[in-house]
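What follows is a short report on a single structure.
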Amino acid sequence: MLIHEHSKPGRKGAPQAPVSKADLSDIPSNLLRQDSAALPEVSEMQAVRHYTRLSQKNFAIDTHFYPLGSCTMKYNPRACNSLAQLPGFLSQHPLTPDELNQGYLACMHELQLMLCEAMGMAAFSLAPMAGAQGEFAGIAMIDAYHKANDDDGRKEILVPDAAHGTNPATATMCGFNVREIPTLDNGDVDIDALQQAVGPQTAGLMLTNPSTLGVFERQIEKIADIVHAVGGLLYYDGANLNAILGKIRPGDMGFDVIHTNLHKTFSTPHGGGGPGSGAVGVAERLIPFLPLPLVSQDNAGYHLVKEQDAPQSIGRLSAFMGNAGVLIRAYVYMRLLGRDGMARVSEFATLNANYMMAEARRRGFELAIPDRRASHEFIITLKREASELHVTAMDFAKRLLDLGYHAPTTYFPLLVPECLLIEPTESEAKEALDGFMDALEQIRQEAESNPEVVTTAPHTLPVKRLDEVRAARQLDLAWKPEA
Amino acid sequence: MLIHEHSKPGRKGAPQAPVSKADLSDIPSNLLRQDSAALPEVSEMQAVRHYTRLSQKNFAIDTHFYPLGSCTMKYNPRACNSLAQLPGFLSQHPLTPDELNQGYLACMHELQLMLCEAMGMAAFSLAPMAGAQGEFAGIAMIDAYHKANDDDGRKEILVPDAAHGTNPATATMCGFNVREIPTLDNGDVDIDALQQAVGPQTAGLMLTNPSTLGVFERQIEKIADIVHAVGGLLYYDGANLNAILGKIRPGDMGFDVIHTNLHKTFSTPHGGGGPGSGAVGVAERLIPFLPLPLVSQDNAGYHLVKEQDAPQSIGRLSAFMGNAGVLIRAYVYMRLLGRDGMARVSEFATLNANYMMAEARRRGFELAIPDRRASHEFIITLKREASELHVTAMDFAKRLLDLGYHAPTTYFPLLVPECLLIEPTESEAKEALDGFMDALEQIRQEAESNPEVVTTAPHTLPVKRLDEVRAARQLDLAWKPEA
Amino acid sequence: MPFIPHTEEEISQMLEVIGIDSTEALFDEIPSHLRTSGLDGIPEGMTEMEISRLMHKRASQNTDAVCFIGAGAYEHHIPAAVWQLTTRGEYYTAYTPYQAEASQGTLQLTYEFQSMMTALTDMDVSNASLYDGASALAEAVLMAIRGNRKSKSRKVLIPRTVHPTYRKTTETIVTGQNIDLLEVDYDLAAGTVQLDALKQAATDAGGDITAVVIQQPNFFGALEDIDAITDWAHENRILVISITNPLSLAVLKPPGQWGSENTGVDIACGDGQPLGAPMSCGGPYYGFLCSTSALVRQMPGRIVGRTIDVDGKEGFVLTLQAREQHIRRSKATSNICTNQGLVVTASTIHMAILGPEGLENTAAACHANTTSLVAQLTDIDGVRYAFSSPYFHEAVLVLDQPVTAVLEALAERGILGGYDLGAEYPELGNALLVCATELRSEEDINAYQAALEAALDVETRQKEIA
Amino acid sequence: MPFIPHTEEEISQMLEVIGIDSTEALFDEIPSHLRTSGLDGIPEGMTEMEISRLMHKRASQNTDAVCFIGAGAYEHHIPAAVWQLTTRGEYYTAYTPYQAEASQGTLQLTYEFQSMMTALTDMDVSNASLYDGASALAEAVLMAIRGNRKSKSRKVLIPRTVHPTYRKTTETIVTGQNIDLLEVDYDLAAGTVQLDALKQAATDAGGDITAVVIQQPNFFGALEDIDAITDWAHENRILVISITNPLSLAVLKPPGQWGSENTGVDIACGDGQPLGAPMSCGGPYYGFLCSTSALVRQMPGRIVGRTIDVDGKEGFVLTLQAREQHIRRSKATSNICTNQGLVVTASTIHMAILGPEGLENTAAACHANTTSLVAQLTDIDGVRYAFSSPYFHEAVLVLDQPVTAVLEALAERGILGGYDLGAEYPELGNALLVCATELRSEEDINAYQAALEAALDVETRQKEIA
Ligand SMILES: Cc1ncc(COP(=O)(O)O)c(C=O)c1O
Ligand SMILES: Cc1ncc(COP(=O)(O)O)c(C=O)c1O
């Protein structure tokens, strides 16, 4: 039932607003609204009840194991939330003069420095509001760098075929052509193909390491050399940082630009879609191009860098400070972990993934890349089950929901047929990993003995399998009042 | 699964506590604990997940219509919660000197005054921590009053047979004998019986008006006269105030002492069992006996009344300030409502109850007291269904849970066989009332056509009907580690 | 209309079904001359925005000085998760779990709470909470009276080292039931009650004593000789009621093991506030009450039991209800109905998150901080520790100047310096009860020391001038 | 270990299953010379208690002056229920609802959000959010370029009355795609862009214009002549992109009705912050984006659709995913993936609780308060309203003294006096943009007046002295 269906004309909420409408007669009537917007009219209790019950229809980290590969669904410490919601932060206007905003700016400056240290980069900007915007900023900086060097012909961005969709989409948005580089069966980039692809047209290569295939790119130094040799720059997609935090730093691998997903590695909650933060870090030579705002420090305190002092900056990415509240959460998380805690993150995320992979092998599941160490995630391919039993990866995913587990990422990376990309994260206990593997095994048994129960799953959720084709064909994107 | 079953030896929570144990060597070892307490060892995420999921197994006002008679389960405005949790209140030590605690004391003083006005009493103490403790305070004051008048022989408290169990239990706790007064079929107190019962032994009469039968005691003035004539005092059980708030005041009906359930009428949340608050109000002559603490005001500000200034007080009921946080919530609620809002409460609570009662009649349910106005609640008796169909009030109650409604109060008041005491409160919309009546009707149909589905209900909840007899016989009151 | 969902149209429909013209008619059974004309003394309603502004102002009028007061309410770190979970609507807005199948959340949590409290106290059983520590003591006394069939005297020994308002509350509550609460004095040098004093009091009272109450750590923070007292009491068929700070039980001997043979007390009570309840101007906290199995049917209040459903699945219900007022009415073990369920919810989550090690570390840190505080303050001329006994996380200091003025001077420097014992314990002189929990940093303690030095100095000088 | 549940025993068991000796071996594919030795620049971890203390201190270092700044971020009353519900774990810790059946909460809520935004804007469709208002404008421009098949020029007119950082952000984001953003000046007397100026700009640009952007109320708070501009644009096959404050749409003409015949704009965007997001140092807010049905396949970002399950039961899914990066990759409508879902959650609940009347009353109160503020401040000698146009809830004042010093003086008196327009609009002189939302009481406004009088006086005197 939609909130609109709880609505009755004339029903009023709690005493949330001024009690009567003030005079608007000084505004010309042709600029005023004539009708009332068709918003729901419900009591405060109806709203509270509706949204409480609605929330219970979600799986979430706080309710379920959520091994969604590439998404790093780890525990979001509750302290990060409550401390970010202190009135001193929450009620601060973004245009408050710096002198009156020192507490916030201090946190942001330290966050910049901690990210530099953790990533091995020379400087960081906290401006981007998600990973994809971080990518945008990174590629725009690569573009700006080449242009600043009067190196105008670089029109191509290289992207491995295993890359996340945001990588090619970003390159296009920045005005580049995208060239895909194939991946070998062992998960490494095809170096020969890369060698052939690079040239004076190469602006840069976007790479995530470990890759979306869940393995560490061992040839990373060679790749960096190849790209740098032709004058290209190396972009690091930081979505998989949880695998290497404190173990190896992108800067030390030779990357020139990097975005981090603070909502992954640094545990800000994903909020059912966002907000995130895609802070970008750069090597020395790219510092002048960083997006604004940036926080600097001098004897008088902390300041936002002024536009006139950053003439080569690619500019702004938002009206104000990016996703400030998310940045505060990440700051608190990093301070809670500290340097040792950071290395522990990757250690246990990797331990969990490799343990699950070993268990998957033991239980007879086919691994996409069987002979490598898993990073913080690994891939099972269900192509045998799909072809022999006609039970697909999607069916497995839906049936997992019945058994109390959020499904792993399905059908990504696109290279691997019928795949499940499984990322347990460090915050899950062994019991959860074992329970998940038991569930997978149970589903395979069902697929053999009673495939119907799998192919028509889920059975125990608020709705059964939904008709996506109908959704796209008979578009119903908003409730409208009856005419 | 118990939290204890998520425990593993050596598993540690978040960084919530000092990191290592400080030196205790100055405490003699025979005063120290030798073993470690068998508390669960879980990660913070495991705890969060466990208690999030557990919460989802509750019905609550925020999730369901909850027409639990006598309990006044109305909407608990969320603002009351957040404002009571402001750091200035939350982090205040109860022994903070008055001068440094003026904000809190100001709220309490105003709350005392507002309660006096709403109830028609001369003074209020906020000390009691629930209705039953308010009753205790009230009866103790009656006792103290008589004793102060050297009127020592009054050993009896009169209680109507329809009264809530706390009434007789309280009288006993205060050292009185309890004498029950019968109720007439029309819900009124049997005046003749009362007349015969009173005498020089009568300390007082405890009454709630409207009574637990959901009707207003029309003879209240006469009752007051009878009790007062023999020198007894009149105690008002305020659990049913939601029915009359702003319409008629206990003080004006002739009551000498009253407790209010702030967690009912004034909407502080019931919290799955409490905390509540049972503020007590008195007529002029009982003021000296009020329990402490009390807040007074003079030119210098607000103060707690000192013990030496209240020599006749019955004394303290708690170590500090009663349920202070509950009192703040009640204060906020009362300020939100204001004087008009208060009268609206009873108006709409009564409208809802009478509407449901009319609907029940229309749908052929038997009413316990058919010829009276309902107050804020009313009673259906299912004795026909029980005897003819062998489907009891308890079966109806359990089946209602399946249909998404919390059950009304069952088998109370004890006078009415197979009863449901239904209290919708003012905050429920007509749709909810209609939905509930539809459900009742459906269950009656099921009771006729398919009684099994009713008598074995519930079917859709986390557990089916629980074995209460076994619980009481094979006591299992705490998890213990395996020996 | 605030919190009322009715539209005009619905109101008419409903009135029509009822068969009346206006809502006024709903009240036609109320004698009209008794009707209220309007609650003029109550202000008009406010919007949430307005009340929010007012309450922020009120909250800011309270002090934000650094707190060194204990005396029964303690400022501890509470993990952010605790109240974020506790105030979820499903816990916050449920009633007492009468309908078990629709209340498994609250019921299971309460069972877990009972399990944690029995673990902490090492007692057999626990109830689901009473109002607070003081009223829990009163109930414990009543329970002992009912439970000690061997004693007829209805006499209970209570040392003066028991929290003063606990004693007063108990007095208020048991007074109607012909019970003698006999106060026993403490040793001025030790700050604890001596076994001899208890013996003497028993003899003076004629020998038959029903119960003895012992608070550990006692109100002064000092540690009582619990084993000897327990042994003596049990030898004399006296039930032992302990009052303990539950946090201290992470490191101190649990009541279930008191006595030289670890035989344990009969009833263990106390206030749960240190386990997850903010100080909150004095409440809501909760009283806990544990006992031996032998006494379970004398327990007041709710108790949750584990059982099974018709399919044999584990589930939880309120049990032993025959003890309670709604069944047993005037013969109930207590009149309690509503308890402190929500605070118990917070406390259970708090204990689960801290775990045994977290609680141990916290308790030990409180001890260490108070030890530092006492050391630093008694370094000042004119300040000394009052007693010879070891203490847990509170201690009595004696000043060479009147406490009231010193506390005022400290408050001006942003320090709530402790609880003035003058009114309750005049025999101690200028005595001040101080406490430093795990939250009090070195910086805080240094600030206290500096402020006290300055305050005493000023006082000294003013005295000299006068 | 913070946030890691592994016990030593489990670690060994797991390593054994993997077949290695230590966790170190897990990283043996990483070239050892590249391994990090330790993150020395990062401090050691803190306990929650310690970080809590630090953050309270940091938060208290921010000002708590009364805010009269608007300029794109507004302080409004947010009902307490909004964020208490939004931060429920089920919303707060879910991912993007890829598994529809396990995400009906987020999906239905998002559908309701889309319904509310189309209602407020009176547009056909809405997406599920973009990052913020400024980046939403950039996406709107890109969408218009893709959507206006009749125009080849890739030229977009943007008046200088559009928020400066919106223009800058758009510049940053569209710059790689060969798009010309043509700034159009405003009328200094009116404080709005004149139709003639737009016409002239179009002519100067060669006639073929792809889109025109109009902000209503504009950055100065003034009201643009939206009908005439919309009519002209549509006559010239120019798509119209509106930027609106969604709260203002409770009382102002919605974009879907702009034009003398209410034909409406093509794309409506803006920042959702005024609907339930606290100012929070600048974010997270969210960008909303609505359009006509004709343009739906050009939309960037997530869109939720209503559909049915195999039993015919209503349910919700992400739809039209073929537009998005994870399917269409380099040909997607945008690279956006993560959006601002949680803020949208808050905003949806906020709108549901306020309802149409609540939003209307709030919007009208903002207007009334700003009107009072302007009246009271312009009563002061040397302060005047800059323009002739009506305004909504912000207005430009011109002072007879430099703004910077005045703002500093106001801040000392606890007033954040507004946004200094000097850097962006030097042609306006000593211009200050002020705003008074429904939260600014009469008392606040009087305090501002008094503070400004005092500040100007001091300034005047200082000038006289100098
Ligand atoms: C590998 C990879 N790159 C980039 C992104 C994009 O990040 P965001 O969703 O924050 O825009 C993601 C997240 O989904 C990802 O998994
Ligand atoms: C009629 C009546 N009286 C007294 C009480 C006791 O109030 P409390 O539960 O707050 O102790 C109740 C509540 O259950 C009640 O309904």
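Keep in mind that the numbers below use all heavy atoms, side chains included, and drop hydrogens, waters and symmetry copies. Reminder, nothing fancy here: chain letters follow the sequence lines and each chain counts from 1.
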List the atom of D:L26, the atom of A:R373, and the distance in Å for their closest heavy-atom pair. O-CD, 3.6 Å

Cut-off 4.5 Å, heavy atoms of chain A, and the answer for D:F316 is both

Go through the atoms of A:I220 and report whether side chain, backbone, both or neither lie under 4.5 Å from a heavy atom of chain D. side chain

For residues D:T96 and A:G273, report the shortest heavy-atom separation together with the two atoms involved. OG1-CA, 3.4 Å

Side chain from CB out, backbone as N, CA, C, O: work out which of these in D:L416 comes under 4.5 Å of a heavy atom of chain A, or both, or neither. side chain

Under 3.5 Å, is there a donor-acceptor pair linking the side chains of D:R88 and A:S55? yes

N-O pairing of A:D476 and D:R306 below 4.0 Å: yes

Closest non-hydrogen atom pair, D:G105 against A:K57: N-CB, 3.7 Å

For chain A, the option from D:G176, D:G315, D:G89, D:S330 that forms the most heavy-atom pairs under 4.5 Å: D:S330

A:H93 vs D:E75, side-chain contact (heavy atoms from CB on, under 4.5 Å): CA-CA, chis, key distance, verdict: CA-CA 8 Å; A:H93 194 285; D:E75 188 179 13; over 6 Å; no

Between D:C337 and A:T166, which heavy-atom pair has the shortest distance, and what is it? CB-CG2, 3.7 Å

Examine whether an atom of D:L54 lies under 4.5 Å from a heavy atom of chain A, and if so say whether it belongs to the side chain, the backbone or both; otherwise answer neither. side chain

Which atoms of A:Y66 are under 4.5 Å from chain D, going by heavy atoms: the side chain, the backbone, both sets, or neither? side chain

If you count heavy-atom pairs under 4.5 Å with chain D, which of A:T52, A:L401, A:L466 comes out on top? A:L466

When only pairs under 4.5 Å are counted, which of D:G355, D:A352, D:G305 shares the most heavy-atom pairs with chain A? D:A352

Please report the C-alpha distance between D:Q99 and A:L68 in whole Å, then the side-chain angles of each, then the deciding distance to 0.1 Å, and finally whether the side-chain contact (heavy atoms from CB on, under 4.5 Å) criterion is met. CA-CA 10 Å; D:Q99 290 296 338; A:L68 198 65; 5.6 Å; no

Chain A contact via D:Q321 - side chain, backbone, both or neither, heavy atoms under 4.5 Å: side chain

Please confirm whether D:H6 and A:F348 have ring centers closer than 6.0 angstrom. yes

Whether over 12 other heavy atoms sit under 6.0 Å from D:K57 NZ: no

For chain D, find which of A:M114, A:M173, A:E41 contributes the most heavy-atom pairs closer than 4.5 angstrom. A:M173

With a 4.5 angstrom heavy-atom cut-off, is it the side chain or the backbone of D:T371 that approaches chain A, or both, or neither? side chain

If one checks every heavy atom of D:Y95 against chain A at 4.5 Å, the contacting part turns out to be both

Most contact-rich option vs chain D, by heavy-atom pairs under 4.5 angstrom, among A:D23, A:V178, A:D252, A:N354, is A:N354

Please flag which part of D:S60 lies under 4.5 Å from any non-hydrogen atom of chain A: side chain, backbone, both or neither. neither

Turns out that what part of D:E357 lies under 4.5 Å from chain A's heavy atoms comes down to side chain

Please indicate whether D:D64 has more than 12 foreign heavy atoms, meaning atoms of other residues, nucleotides or ligands, lying under 6.0 Å from its CG. no

Do you know which of D:P5, D:A134, D:S334 has the most heavy-atom pairs under 4.5 Å to chain A? D:P5

So which of D:S52, D:G133, D:P97 has the largest heavy-atom pair count under 4.5 angstrom toward chain A? D:S52

Among side-chain atoms of A:S36 and D:E360, is any donor-acceptor pair under 3.5 angstrom? yes

Does the side chain of A:L351 come within less than 4.5 Å of D:L15's, by heavy atoms? yes

Region of D:L359 that comes under 4.5 Å of a non-hydrogen atom in chain A: side chain

Portion of A:A140 that has a non-hydrogen atom of chain D nearer than 4.5 angstrom: neither

Which atoms of D:V251 are under 4.5 Å from chain A, going by heavy atoms: the side chain, the backbone, both sets, or neither? both

Do the side-chain N and O atoms of D:H77 and A:Q16 include a donor-acceptor pair separated by under 3.5 angstrom? yes

Residue part contacting chain A, namely of D:Y92, when any heavy atom lies under 4.5 Å: both

Looking only at A:R249, A:M334, A:R362, the option with the highest number of non-hydrogen pairs under 4.5 Å against chain D is A:R249

Scan side-chain atoms only and decide if A:Y51 and D:E112 contain a donor-acceptor pair under the 3.5 Å cut-off. yes

No-hydrogen, no-angle side-chain donor-acceptor test under 3.5 Å, D:T106 and A:N58: yes

Heavy-atom distance under 4.5 Å to chain A: side chain of D:L85, backbone, both or neither? side chain

Region of D:C67 that comes under 4.5 Å of a non-hydrogen atom in chain A: side chain

Check the angle between the aromatic planes of D:Y285 and A:F320 and answer parallel, tilted or perpendicular using the 30° and 60° thresholds. perpendicular

Part of D:Q257 within contact of chain A (heavy atom distance under 4.5 Å): side chain

